[in-house]
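Below is one structure, written out as structure tokens; the observations come after it.
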Amino acid sequence: MEYWSAARRGNWRILFSFLICFAWPVHALAKPVTLGYQTPTLSSNLPIFAAAEMGLFASANLEVKTVFIQGGPTAMAALIGGDVDYVKVAGIPAVRAIAQGAPVVIAGGFQPYIDYSLLGSKKVNNLHDLKGKVVGVTGAGGIAEFAAVEGLARSGFMRDRDYKILYGVGNSPARAYALEIEKIQASPFSFTEKLELERKGFPLLFDIGKVIPRFPFSILLTSRRKAETAPEEITAFLKVMKRSMDLIRTEKDRVLAAVLKKRTYEDPVIARKLIDQFAEQYSIAIAKEDVEALIAAGKVEAEAKKLGGAEKFFLGPLITKALAQSR
């Protein structure tokens, strides 16, 4: 009897071990994902940084590695080559690449707000003073040129009639110096740059984002291959972005603490101003009319028509699904 009892106890131990090994719920391994971004500023990437620092990617079973990639063409090449799964890029170059046949597609919106303000030199106090003057931009065909020219047009100022555009002025520090020495009399700058330049006495002429509302300034891009083979991953990724954007709106203090914990910014006060400024300016939503606006701004209407229209440029059904599941 003792032998039989011991044997039964041994069998139960074996059965219990079997249940632990094979019947106990086991969490799947996190899916590795690489996300590239081309501008290092907090305002440009706040939802990404917040999602990483607050554990939102991990909670969705995504092991996300973020990579800074300098320059839009390099970011696009990394996506096409499979080095990254997603990139956050400016909307206009993205639709131009798609129109030219790049095997990429818009996975979702990101920042439907143009993060540029037009600042003047210290001798230009208002738009009236800009008549007959020079507006400096980095290069032809860029988002800064579009923002400046379109913003001024909506303010009643026509290029070549009321002012001239000067190309090749350089990056933001170079353009600020050009303002200082009066080589140019106005130039577009980001919100962070605007705060610094205003402190130095350069006047704000107008906020371009308010003059051109609801424009897909930056978007999330993925490869056609990813869209075909991993639609559920894309949906999960978009849901995390949506959750992060919601938290930026509703829990600003928590978001500020999270992004400052592991990333050092020159001024935490500026970081808070950035969060306050952009809390309502992030969204994964992007509609047909938004893509059509990008196509028009990129001057690729003919190419888009050949491809089948704006619907071919973005993953509308997946974006709708992610938005519905996030409610």
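Everything quoted here is computed from the prediction, not taken from an experiment.
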Side-chain contact test, heavy atoms from C-beta onward, threshold under 4.5 Å: evaluate it for [X] versus [Y] and give yes or no.
X	Y	result
Glu280	Tyr113	no
Leu195	Lys273	yes
Gln325	Thr235	yes
Arg224	Val104	no
Met54	Arg254	yes
Val33	Lys65	no
Thr34	Val67	yes
Leu35	Val87	no

Exercise. ring-ring contact (aromatic ring centres under 6.0 Å, His included) between Tyr163 and Phe157: does it pass, once the steps are laid out?
Worked result: CA-CA 8 Å; Tyr163 66 95; Phe157 278 64; 7.0 Å; no
Measure across [X] and [Y] and return the closest heavy-atom pair with its distance rounded to 0.1 Å.
X	Y	answer
Pro173	Asn171	CD-OD1, 3.2 Å
Ile284	Leu238	CD1-O, 3.7 Å
Ile212	Gly151	CD1-N, 3.6 Å
Ala148	Val135	CB-CG1, 4.3 Å
Asp207	Ser117	CA-OG, 3.8 Å
Pro188	Gly136	CD-O, 3.6 Å

What distance do [X] atom [atom1] and [Y] atom [atom2] have between them, rounded to the nearest 0.5 Å?
X	Y	atom1	atom2	value
Leu179	Ser187	CG	OG	6.0 Å
Ile208	Leu152	CD1	CG	7.0 Å
Ile248	Leu256	CD1	CG	11.5 Å
Glu63	Leu29	CD	CG	9.5 Å
Gln277	Thr192	CD	OG1	9.5 Å
Lys242	Leu56	NZ	CG	12.5 Å

For this session: Could you check Val124 against Leu205 for side chain to side chain contact (heavy atoms under 4.5 Å, CB included), going step by step and ending with a plain yes or no?
Result: CA-CA 9 Å; Val124 174; Leu205 302 182; 4.1 Å; yes
Problem set entry | side-chain hydrogen bond (donor to acceptor under 3.5 Å, both in side chains) partners of residues 147-161, not counting sequence neighbours, each pair once | Glu145-Arg159, Glu150-Arg154, Arg159-Tyr167
Problem set entry | Pairwise side-chain hydrogen bond (donor to acceptor under 3.5 Å, both in side chains) hits with a residue in residues 119-132, at least two apart | Ser121-Glu182, Lys131-Asp162
For the side chain of [X] and the backbone of [Y], is there at least one donor-acceptor N/O pair under 3.5 Å apart?
X	Y	result
Glu193	Ser190	yes
Asn45	Thr41	yes
Gln185	Val134	yes
Ser244	Pro47	yes
Arg175	Gly170	yes
Ser218	Ser44	no

Linking I/L/V/M/F/W/Y whenever their side-chain heavy atoms sit closer than 4.5 Å, directly or via other members, would [X] and [Y] fall into one cluster?
X	Y	answer
Leu130	Val169	no
Val137	Ile184	no
Leu220	Tyr282	yes
Phe49	Val255	yes
Val84	Val64	yes

For this session: Sorted by first residue and then second, give each ring-ring contact (aromatic ring centres under 6.0 Å, His included) pair with at least one member in residues 293-315; sequence neighbours left out.
Result: none
For this session: Provide the full list of ring-ring contact (aromatic ring centres under 6.0 Å, His included) pairs with a residue in residues 168-217, sequence neighbours left out, each pair given once.
Result: Tyr116-Phe217, Phe146-Phe215, Phe191-Phe278
Got a list of side-chain donor-acceptor pairs under 3.5 Å for residues 105-112, not counting sequence neighbours?
none

For this session: Would you indicate whether Lys133, at its atom NZ, is surrounded by more than 12 heavy atoms from other residues, nucleotides or ligands within a distance under 6.0 Å?
Result: yes
Exercise. Around atom NZ of Lys252, are there more than 12 heavy atoms of other residues, nucleotides or ligands at under 6.0 Å?
Worked result: yes
Less than 4.0 angstrom from a charged side-chain N to a carboxylate O is my criterion; do [X] and [Y] meet it?
X	Y	result
Lys306	Glu301	no
Arg249	Asp246	yes
Glu233	Lys226	yes
Arg199	Glu196	yes

Validation: residues 285-299 side-chain donor-acceptor distances under 3.5 Å, sequence neighbours left out:
from	atom 1	to	atom 2	distance (Å)
Lys288	NZ	Glu311	OE2	3.2
Asp290	OD2	Ala287	N	2.9

Exercise. Given Glu232 and Lys321, is the salt bridge (charged side-chain N to carboxylate O under 4.0 Å, His left out) satisfied, shown in steps?
Worked result: CA-CA 10 Å; Glu232 293 304 318; Lys321 182 179 179 181; 2.8 Å; yes
Exercise. Is there a side chain to side chain donor-acceptor pair (under 3.5 Å) between Lys88 and Thr39 once you walk through the steps?
Worked result: CA-CA 9 Å; Lys88 190 229 71 184; Thr39 50; 3.3 Å; yes
